[in-house]
Chemist: 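One structure, as structure tokens, below. Some questions next.
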There are 2 protein chains.
Amino acid sequence: MAWILDDSRPIYLQIEDLIKANIIAGVYQPGQKLPSVRDLAAEAAVNPNTMQKALTELERSGLVYTQRTSGRFITEDVSKMTELKEQIAREQIQLFLKNMEQLGLTRDDIRRLLEKEWKEES
Amino acid sequence: MAWILDDSRPIYLQIEDLIKANIIAGVYQPGQKLPSVRDLAAEAAVNPNTMQKALTELERSGLVYTQRTSGRFITEDVSKMTELKEQIAREQIQLFLKNMEQLGLTRDDIRRLLEKEWKEES
DNA sequence: ATTATTGTATTACTTTATTAATACAATAGA
DNA sequence: TCTATTGTATTAATAAAGTAATACAATAAT
């Protein structure tokens, strides 16, 4: 895993995002055990508490769970994962629409702009 | 103007957003003079420095400009305003698409989800 | 039973961000 | 010219956030 961190944002948030992205992308498989807090911290070259913070935050999302003395695991509950993805997507969409509406854009404007963007991306 | 502020985010950011929204919505007309920093601060019941910070931030967007001793004005340059709106929209779109792609969603997924959201909103 | 490994809690240090008090500077307007 | 009004700069006070050091607790593994 590429622990590329900068100082634009808090370390623990960057770590959380990296791990979350890897889980969603399927790099970490359901049920898989994560390395220990200390190991992950060493890997990422951060203080264990910082890694701990990232992980407990991540846990609130339901993507991982803890077994007190054996470690942390990616949830096996694939439907929970799907559900979560959908929830995140919905939130993203609603935020996006709110922002666009604040700019005075109509639904058609938004449709048009998206297609334009995609066209330009190729 | 309704200076409804809470403590969820820094005051100066909330003020900046309020004013920006009003400009974009056309509540403040191009060329119009804004009240002085001190007057606005009194209106919003915040420290003048806080209002000052909100305004200088806002200025970076190009929506307002300053004349040293006569005050601040909404830009008369309507095309600049349009341009800015378009730029903000583009940024919003790109961020949105990046986030959605990270969730593994395709263009069709996105189209579908948007239409679904709009349908639900009625 | 003992030990090594796991996550957790507590506390303190440090840094950054936010807000506020105050003084300064420029000039429009009388 | 003088004064009131404008934005600005400087500095300090406060609060919040982030990171780190260290000790604790539970249990799986031996």
Side-chain angles (χ1 to χ4, degrees), chain A residues 1 3-20 22-23 28-76, chain B residues 1 3-20 22-23 28-76:
Chain A
M1 171 144 183
W3 299 102
I4 298 167
L5 307 170
D6 57 51
D7 59 354
S8 69
R9 293 189 310 146
I11 303 296
Y12 79 94
L13 283 181
Q14 296 183 57
I15 290 176
E16 190 188 349
D17 286 350
L18 281 175
I19 299 178
K20 187 185 279 176
N22 279 333
I23 295 175
Y28 288 120
Q29 290 297 315
Q32 181 177 344
K33 183 177 185 304
L34 283 171
S36 75
V37 173
R38 290 168 180 77
D39 284 356
L40 281 173
E43 237 192 79
V46 302
N47 186 284
N49 280 324
T50 303
M51 183 58 70
Q52 165 81 2
K53 183 158 187 178
L55 290 169
T56 47
E57 286 293 315
L58 190 55
E59 207 149 324
R60 297 197 315 149
S61 74
L63 282 178
V64 302
Y65 66 95
T66 297
Q67 252 161 4
R68 189 65 165 79
T69 59
S70 46
R72 274 198 178 77
F73 301 83
I74 308 298
T75 181
E76 303 100 0
Chain B
M1 173 144 183
W3 300 102
I4 299 165
L5 306 171
D6 57 51
D7 58 355
S8 68
R9 291 188 309 146
I11 303 295
Y12 78 95
L13 283 181
Q14 296 185 55
I15 290 176
E16 190 188 349
D17 286 350
L18 281 175
I19 300 177
K20 187 185 279 176
N22 279 333
I23 295 175
Y28 288 120
Q29 289 298 314
Q32 182 177 343
K33 183 177 186 304
L34 284 170
S36 75
V37 173
R38 290 168 181 77
D39 285 355
L40 282 172
E43 236 193 84
V46 301
N47 186 284
N49 281 323
T50 303
M51 183 58 71
Q52 166 80 5
K53 181 156 190 180
L55 290 169
T56 48
E57 286 292 315
L58 191 55
E59 206 149 323
R60 297 197 313 152
S61 74
L63 282 178
V64 303
Y65 66 95
T66 298
Q67 253 161 5
R68 189 67 165 82
T69 59
S70 45
R72 274 197 177 77
F73 303 83
I74 309 299
T75 181
E76 304 99 0

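Residue numbering restarts at 1 for every chain, and letters A, B, ... go by the order of the sequence lines.
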Chemist: If you count the non-hydrogen atoms of other residues, nucleotides and ligands that lie under 6.0 Å from CG in A/Asp7, is the total more than 12?
Modeler: no

Chemist: Is there a donor N/O on one and an acceptor N/O on the other, under 3.5 Å, for the side chain of B/Arg72 and the base of D/dG7?
Modeler: no

Chemist: What nucleic acid atoms does A/Gln52 come within less than 4.0 Å of, heavy atoms only: base, sugar-phosphate, or nothing?
Modeler: base

Chemist: To the nearest angstrom, how far is A/Tyr65 atom OH from C/dG7 atom P?
Modeler: 13 Å

Chemist: Output the single nucleotide from C/dT6, D/dA21, D/dA28 whose closest atom is nearest the side chain of A/Ser70.
Modeler: D/dA28

Chemist: Would you indicate whether the side-chain heavy atoms of A/Gln14 and A/Ile4 approach each other to under 4.5 Å?
Modeler: no

Chemist: Rounded to whole angstrom units, what separation is found between the OH atom of A/Tyr12 and the C1' atom of C/dT16?
Modeler: 13 Å

Chemist: Heavy-atom count check: over 12 atoms from other residues, nucleotides or ligands less than 6.0 Å from A/Arg60 CZ?
Modeler: no

Chemist: Among D/dA26, C/dA25, C/dT18, find the nucleotide with the atom closest to the side chain of A/Arg68.
Modeler: D/dA26

Chemist: For A/Leu55, report the nucleic acid contact type (base, sugar-phosphate, nothing); a contact means any heavy atom under 4.0 Å.
Modeler: nothing

Chemist: When you check the phosphate oxygens OP1 and OP2 of C/dT5, does a side-chain N or O of A/Ser36 lie under 4.0 Å from one of them?
Modeler: no

Chemist: Where the side chain of B/Val37 is concerned, which of D/dG7, C/dT18, D/dT19 is the nearest nucleotide?
Modeler: D/dG7

Chemist: Separation of B/Arg38 atom CZ from C/dA23 atom C1', in whole Å?
Modeler: 11 Å

Chemist: Given D/dT19, C/dT18, C/dT27, which nucleotide is nearest the side-chain atoms of B/Thr69?
Modeler: C/dT27

Chemist: What is the distance, rounded to the nearest whole Å, between atom CG of A/Asp7 and atom P of D/dT19?
Modeler: 10 Å

Chemist: Can you tell me how far P of C/dG7 sits from CD of A/Glu57, to the nearest Å?
Modeler: 17 Å

Chemist: In whole angstrom, what separates B/Leu58's CG from D/dT8's P?
Modeler: 13 Å

Chemist: How many whole angstroms separate atom NZ of B/Lys33 from atom P of C/dA28?
Modeler: 13 Å

Chemist: Can you tell me the distance, in whole Å, between the CG atom of A/Leu13 and the C1' atom of D/dA16?
Modeler: 14 Å

Chemist: Name the residue closer to the 5' end of DNA chain C, choosing between A/Glu59 and B/Thr50 according to the nucleotide with the nearest heavy atom.
Modeler: A/Glu59

Chemist: Does the D/dA21 base have a donor-acceptor partner in the side chain of A/Asn49 within less than 3.5 Å?
Modeler: yes

Chemist: Can you tell me how far CD of A/Gln52 sits from CZ of A/Arg38, rounded to the nearest 0.5 angstrom?
Modeler: 9.0 Å

Chemist: From B/Ile19 CD1 over to B/Leu58 CG, what is the distance, rounded to the nearest 0.5 angstrom?
Modeler: 6.0 Å

